[in-house]
*Asks:* 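Structure incoming, see below.
These numbers come from the heavy atoms of this one structure, side chains and all, not from hydrogens, waters or symmetry mates. Just so we're clear, the structure is a prediction, and the values are computed from it rather than from any experiment. Residue numbers start from 1 in every chain, and the chains themselves are labelled A, B, ... in the order their sequence lines are given, proteins ahead of strands.
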Amino acid sequence: MLPSLDELKTALEQQLPGVSLTVDGSVLVVASKDLTAVCRYLKDSDRFRFDYLANLTAVDYPPDPAGGGAGRMDVVYHLYSMEKRHGPLTLRVQLTRLRPVVASVTPLWRGAEFQEREVYDLFGVTFDGHPDLRRILMWEGFQGHPMRKDYVPENQNLAD
Amino acid sequence: MDPVASTARTAPTELLEINLGPQHPSTHGVFRMMVTLDGETIVKLKPVFGYLHRNHEQIGEGSTYIASFPFTDRLDYFNAMSNNFGLALAIEKLGGVAASERGEFLRVIMVELTRLVNHVAVTGFLLNDMGAFGTPLLYAFREREKILDLFEACSGSRMMCNYVRPGGVREDVPEEWLAGARAIVDDFPRFLDEFEKLLTENEIIQQRTKQVGILPKTLAINASVTGPMLRASGVNYDIRKVDGYSIYPRFQFKVPLGTVGDVYDRYYVRILEMRESVKILQQALKGVPGGPAISPKGLALVKAPRTFRPPKGEAYGRIEAPKGELGFYLVSDGTPQPYRYHIRAPSFVNLTILEDMCLGQKVADAVIILGSVDIVLGEVDR
């Protein structure tokens with residue numbers, strides 16, 4: 001069985017010096033600089049063996065129009081273990097919304113390849129180290145990222 | 001030219017880049033493969049899609065939780081029932097809604113019937129791709145149509161069922177429906193025997209599919225492949241068993257596994273899965289209890305969608321859909337609309353390793369490898 005998130009956080013911080021994690025409800029928040037180290041440990045350690053990346057997506061938090069601030073862009077990972085049959089473990093990486101960049105996990109899990117391309121396409125997050133980062137659902141040359149909360153769809157009733 | 005210099009071995013060759021699709025019957029929709037060929041051998045393959053993209057997720061974030069159900073029908077349009085079920089489970093998890101006992105039984109029956117529909121259709125199409133043109137597909141569609149009649153009787157629509165809801169199902173099934181379903185399910189193994197007699201040991205099928213498009217076990221896990229494709233590669237991972245969601249732990253069934261992970265295994269695992277689904281259906285149809293088809297909380301939610309404000313938080317609900325893991329990721333900010341609504345579509349993720357399976361194979365094999373992945377573009381493009 002999977003330990004509680006607090007135990008998991010303590011175990012990870014012991015194993016990986018310099019890494020600090022935060023537990024937020026049912027989610028483990030990872031700093032973007034630590035993502036690769038944390039994921040590699042979760043995947044390879046005998047205790048956890050998270051060999052299966054089920055889902056990868058992003059959530060956009062635009063700046064509050066009243067309070068200001070820069071807003072944030074979260075990338076969310078859902079990990080399971082096929083070998084140990086436990087999960088899910090939800091990881092979140094919080095990025096700045098202006099230029100969101102995070103390390104790609106495709107070198108660890110091939111299953112991230114298309115899902116990272118989708119997040120790049122629809123949210124505009126750049127994944128460092130991705131082998132083939134191109135738009136996947138929208139066409140080449142499309143401007144903007146349609147899943148961002150402040151995206152304004154074009155008016156299709158106008159003839160032009 | 002010197003005739004000796006231009007034999008097949010020494011003649012200079014060039015790589016040829018061609019497009020398979022998007023308007024091509026073997027691509028199962030508007031799907032394109034940019035293939036680089038050396039003679040007939042594939043040296044590079046890049047899938048291109050998005051032609052059906054309508055930003056389903058953005059539509060979902062602009063409507064109530066319940067209003068997304070008709071849209072989920074159009075994701076994997078062969079399996080409306082299981083798409084509904086996936087979303088219903090995620091909403092139940094997010095909002096703490098329990099399902100009624102009768103509702104649970106009806107949902108499992110619908111989803112397993114859907115699995116039969118999907119697997120007969122995909123094996124039929126796969127044989128079509130192999131050149132067994134028409135006949136096996138029509139045998140398969142004859143059986144599919146019987147089940148679609150059942151869906152029409154309970155939901156009013158053959159394919160766009162929009163039937164499963166959080167807490168149960170939208171309407172109870174009509175009288176006599178269960179008896180009709182029992183008759184069709186009991187008759188189904190006869191069809192499978194006939195289908196197998198014609199196909200499983202067929203020499204042409206064995207020649208075409210064995211050792212073609214092999215997907216090794218470790219790569220399958222690493223590439224997040226799920227569903228019959230994963231199990232054909234020999235990985236024992238069925239979410240019905242692993243998560244034990246809904247009432248699946250009450251039923252006896254096996255998880256069929258392949259050994260090689262080639263196209264033949266993927267075909268045969270699906271045939272065996274249909275036999276297991278028949279077992280689940282027979283057990284479920286025997287035990288359907290009385291009572292309401294939807295729990296009071298679910299009914300309140302369906303009747304007044306705007307009153308449903310799940311607490312702030314998030315939920316990831318997943319089911320074993322016929323094509324693999326279908327996941328719904330919902331983030332609530334306490335309003336009647338989801339703040340984030342994401343679909344983890346099995347066909348989309350399973351396409352990741354299409355190139356790996358096709359490299360070194362002949363171009364004619366790419367068609368059946370794609371057929372054995374079992375994609376529906378409504379779900380890939382969303």
Side-chain angles (χ1 to χ4, degrees), chain A residues 24-27 43 49-62 74 76-90 92 105-119 121-123 132 134-140 142 145-149 151 153, chain B residues 46-58 61-62 93 217-226 230 235-237 239 241-243 311-318 324-329 331 333 339-346 348-356 380-382:
Chain A
D24 177 14
S26 58
V27 181
K43 181 177 173 238
R49 279 259 187 264
F50 282 106
D51 47 10
Y52 168 43
L53 173 78
N55 181 43
L56 190 161
T57 187
V59 188
D60 180 23
Y61 296 95
D74 287 9
V76 187
Y77 305 81
H78 286 97
L79 304 178
Y80 285 86
S81 170
M82 285 193 183
E83 192 186 309
K84 304 234 174 220
R85 295 195 163 207
H86 58 216
L89 172 65
T90 315
R92 264 191 195 233
V105 293
T106 307
L108 293 171
W109 295 287
R110 263 300 293 288
E113 186 182 339
F114 281 12
Q115 302 189 64
E116 285 185 336
R117 276 179 68 188
E118 185 188 319
V119 172
D121 186 0
L122 302 182
F123 287 89
D132 184 22
R134 289 179 290 132
R135 285 193 181 269
I136 191 165
L137 294 174
M138 308 306 284
W139 56 95
E140 268 175 60
F142 179 82
H145 305 287
M147 279 305 288
R148 286 197 169 206
K149 291 280 176 188
Y151 177 78
Chain B
K46 290 284 169 209
V48 181
F49 43 84
Y51 299 97
L52 277 184
H53 181 56
R54 63 260 188 211
N55 219 340
H56 173 72
E57 295 181 2
Q58 199 185 51
E61 288 171 17
K93 220 169 159 182
K217 199 171 171 174
T218 45
L219 178 63
I221 296 174
N222 194 252
S224 304
V225 170
T226 44
L230 176 73
V235 184
N236 184 355
Y237 196 78
I239 298 168
K241 291 274 191 199
V242 176
D243 285 6
K312 276 188 187 180
E314 58 177 65
Y316 180 69
R318 58 175 197 164
E325 173 174 339
L326 175 69
F328 284 84
Y329 174 61
V331 178
D333 58 352
Y339 185 77
R340 178 82 178 96
Y341 167 80
H342 172 71
I343 296 143
R344 187 261 190 225
F348 174 73
V349 179
N350 286 356
L351 274 178
T352 311
I353 33 72
L354 181 65
E355 181 177 22
D356 301 63
V380 174
D381 293 345
R382 280 162 290 146

*Asks:* Measure distances from A:P146 to the heavy atoms of chain B and classify the residue's part below 4.5 Å as side chain, backbone, both or neither.
*Replies:* both
*Asks:* Chain B: which of A:W139, A:Y61, A:Y151 shares the most heavy-atom pairs with it under 4.5 Å?
*Replies:* A:Y61
*Asks:* Between B:E314 and B:R340, does any side-chain N to carboxylate O distance fall below 4.0 Å?
*Replies:* no
*Asks:* What part of B:L230 gets closer than 4.5 Å to chain A, counting heavy atoms only: side chain, backbone, both or neither?
*Replies:* side chain
*Asks:* So what's closer than 4.5 Å to chain A heavy atoms on B:T218: side chain, backbone, both or neither?
*Replies:* neither
*Asks:* With respect to chain A, which residue among B:V48, B:N350, B:N236 yields the maximal number of heavy-atom pairs within a distance under 4.5 Å?
*Replies:* B:N236
*Asks:* Hey, are B:R382 and A:E118 close enough for a salt bridge, meaning a charged N less than 4.0 Å from a carboxylate O?
*Replies:* yes
*Asks:* Pick one of side chain, backbone, both or neither for B:E57, based on which atoms fall under 4.5 Å of a heavy atom in chain A.
*Replies:* both
*Asks:* Could you check which of A:M138, A:E113, A:M82, A:H86 has the highest count of heavy-atom pairs closer than 4.5 Å to chain B?
*Replies:* A:M82
*Asks:* Kindly compute the distance separating CG (B:N222) from NZ (B:K217), expressed to the nearest 0.5 Å.
*Replies:* 14.5 Å
*Asks:* Before accepting this row, confirm whether a basic side-chain N of the pair A:R135/A:E140 lies closer than 4.0 Å to the acidic partner's carboxylate O.
*Replies:* no
*Asks:* In terms of heavy-atom proximity below 4.5 Å to chain A, should B:Y51 be classed as side chain, backbone, both, or neither?
*Replies:* neither
*Asks:* Quick one: what part of A:R117 sits under 4.5 Å from any heavy atom of chain B, side chain, backbone, both or neither?
*Replies:* neither
*Asks:* Looking at A:V27, A:D51, A:T90, which has the largest count of heavy-atom pairs under 4.5 Å with chain B?
*Replies:* A:D51
*Asks:* Side chain, backbone, both or neither: which part of B:N55 has an atom under 4.5 Å from a heavy atom of chain A?
*Replies:* side chain
*Asks:* Looking at A:V76, A:L56, A:T106, A:D132, which has the largest count of heavy-atom pairs under 4.5 Å with chain B?
*Replies:* A:V76
*Asks:* Is B:Y329 in contact with chain A via its backbone, its side chain, both, or neither, using a 4.5 Å heavy-atom distance?
*Replies:* side chain
*Asks:* Would you say the ring centroid of A:H145 lies under 6.0 angstrom from that of A:F123?
*Replies:* no
*Asks:* Relative to chain A, which segment of B:D356 carries a heavy atom at a distance below 4.5 Å: side chain, backbone, both, or neither?
*Replies:* side chain
*Asks:* Are A:N55 and A:Q115 close enough that some pair of their side-chain heavy atoms sits under 4.5 Å apart?
*Replies:* yes
*Asks:* Picking from A:D60, A:L122, A:D121, which has the most non-hydrogen pairs under 4.5 angstrom with chain B?
*Replies:* A:D60
*Asks:* Taking side chain to side chain contact (heavy atoms under 4.5 Å, CB included) as the definition, give me every residue that meets it alongside B:K93, ordered by chain and number, with sequence neighbours left out.
*Replies:* B:A315
*Asks:* So what's closer than 4.5 Å to chain A heavy atoms on B:V380: side chain, backbone, both or neither?
*Replies:* backbone
*Asks:* Any ion pair linking A:D24 and A:R92 (charged N to carboxylate O, less than 4.0 Å)?
*Replies:* no
*Asks:* Going from OH on B:Y341 to CE on A:M147, what distance comes out if it is rounded to the nearest 0.5 angstrom?
*Replies:* 10.5 Å
*Asks:* NE2/B:H56 to NE2/B:H342 distance, rounded to the nearest 0.5 angstrom?
*Replies:* 11.0 Å
